[in-house]
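This report refers to the structure that appears directly beneath it.
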Amino acid sequence: MSKIVSVQDISCYGQCSLTVALPILSAYGIETAIMPSGILSTHTGGFTGFTCLDLTEEMPKIADHWKNEGIAFDAIYTGYIGDSRQFELVKEMKNNLLKDGGKLIVDPAMADHGKLYPALTPDIVEGMKTIVSEADMILPNLTEAAFLLGEEFKGSYTKAEIEEMLKKLAAMGPEISVLTGVSYEEGTIGAVAYTKSTGEFVEYFTELVPKSYHGTGDIFTSVAIGAYMNGKSLLDSLKEACEFVVKSIKATLDDDTHNYGVKFEKVLAER
Ligand code: PXL
């Protein structure tokens with residue numbers, strides 16, 4: 001059984017980051033420890049007046065205690081990080097808290113639809129680049145990939161452009177780079193991945209449900225990691241993640257009052 005630690009915020013209300021990673025990874029039978037990067041009353045997309053307690057000071061104490069206890073993980077999964085001092089800690093965790101062969105998996109959750117998330121500043125992009133360069137696997141959406149590569153975000157990309165982008169991401173360091181939110185044709189959306197050592201691309205596309213919700217990137221990554229850590233192929237893991245996001249969105253559409261996240265709980269048992 002795998003043991004993972006996830007480093008991201010607790011948005012107390014809003015179905016994203018740790019409140020989705022924890023139940024999803026648990027459903028995959030993965031023991032999941034948490035390293036909360038901060039505690040927010042809600043996520044920052046669509047709510048105003050949210051509160052935030054930064055946990056930068058506490059995080060190294062938690063990591064030191066684990067190290068002293070001899071605790072080690074099969075993977076570190078990082079998501080939203082709101083303070084750039086925390087990137088150094090992620091690198092220390094990679095050195096001190098991973099088993100031999102353990103993986104650093106980075107979802108550079110910092111932007112969407114061409115823009116950084118409201119509470120984030122450009123130093124987060126610079127810090128994110130440093131952990132991307134040390135990661136074994138990364139899962140940016142197209143906006144995040146553009147920020148990581150210092151390129152302007154374009155609304156649409158050709159297959160050749162996507163593959164070029166993946167090769168440039170791979171050149172930053174990671175063995176596996178997954179681009180999410182890729183669409184070559186109207187009505188479809190999916191993920192394309194590149195494995196650096198083999199030069200292989202895999203891709204999976206599904207139905208585009210024309211409504212965007214917060215937290216779907218975190219859900220995608222959590223399912224992909226759950227499946228992959230359980231021994232599924234990269235392609236099957238992407239397929240499971242894409243289909244789970246579609247099902248979660250469909251489980252939410254009939255409720256107009258629920259627009260801050262998706263009701264993944266309704267479909268978690270049907271994976
Ligand atoms: O889902 C990504 C995410 C995570 N955490 C916080 C966020 C967001 C997206 O807006 O605001 C606090």
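Whatever order the structure lists ligands and atoms in, that order sets their numbers, starting from 1.
- No side-chain donor from either of E207 and T188 sits under 3.5 Å from a side-chain acceptor of the other.
- Between K91 and T130, the side chains place a donor N or O and an acceptor N or O closer than 3.5 Å (distance only, hydrogens not considered).
- Listed by chain and residue number, S84, T121 satisfy the side chain to side chain contact (heavy atoms under 4.5 Å, CB included) test with D123 (two or more places apart in sequence, or in another chain).
- For residues 126-148, every residue pair satisfying the salt bridge (charged side-chain N to carboxylate O under 4.0 Å, His left out) rule, not counting sequence neighbours, is listed here: K94-E134, E126-K129.
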Check: residues 70-80 side-chain donor-acceptor pairs under 3.5 Å, at least two apart:
unit_1: D74; atom_1: OD1; unit_2: K99; atom_2: NZ; d: 3.3
unit_1: D74; atom_1: OD2; unit_2: K3; atom_2: N; d: 2.7
unit_1: D74; atom_1: OD2; unit_2: K99; atom_2: NZ; d: 3.2
unit_1: Y77; atom_1: OH; unit_2: S222; atom_2: OG; d: 3.1

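- With hydrogens and angles left out, the side-chain atoms of Y28 and E240 include a donor and acceptor closer than 3.5 Å.
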List, for ligand 1, each N/O atom that has a protein N/O partner under 3.5 Å away, with both atom names and the distance.
unit_1: ligand 1; atom_1: 1 (O); unit_2: D218; atom_2: OD2; d: 2.6
unit_1: ligand 1; atom_1: 5 (N); unit_2: D9; atom_2: OD1; d: 2.8
unit_1: ligand 1; atom_1: 5 (N); unit_2: D9; atom_2: OD2; d: 3.4
unit_1: ligand 1; atom_1: 11 (O); unit_2: T44; atom_2: N; d: 2.8
unit_1: ligand 1; atom_1: 11 (O); unit_2: T44; atom_2: OG1; d: 2.6

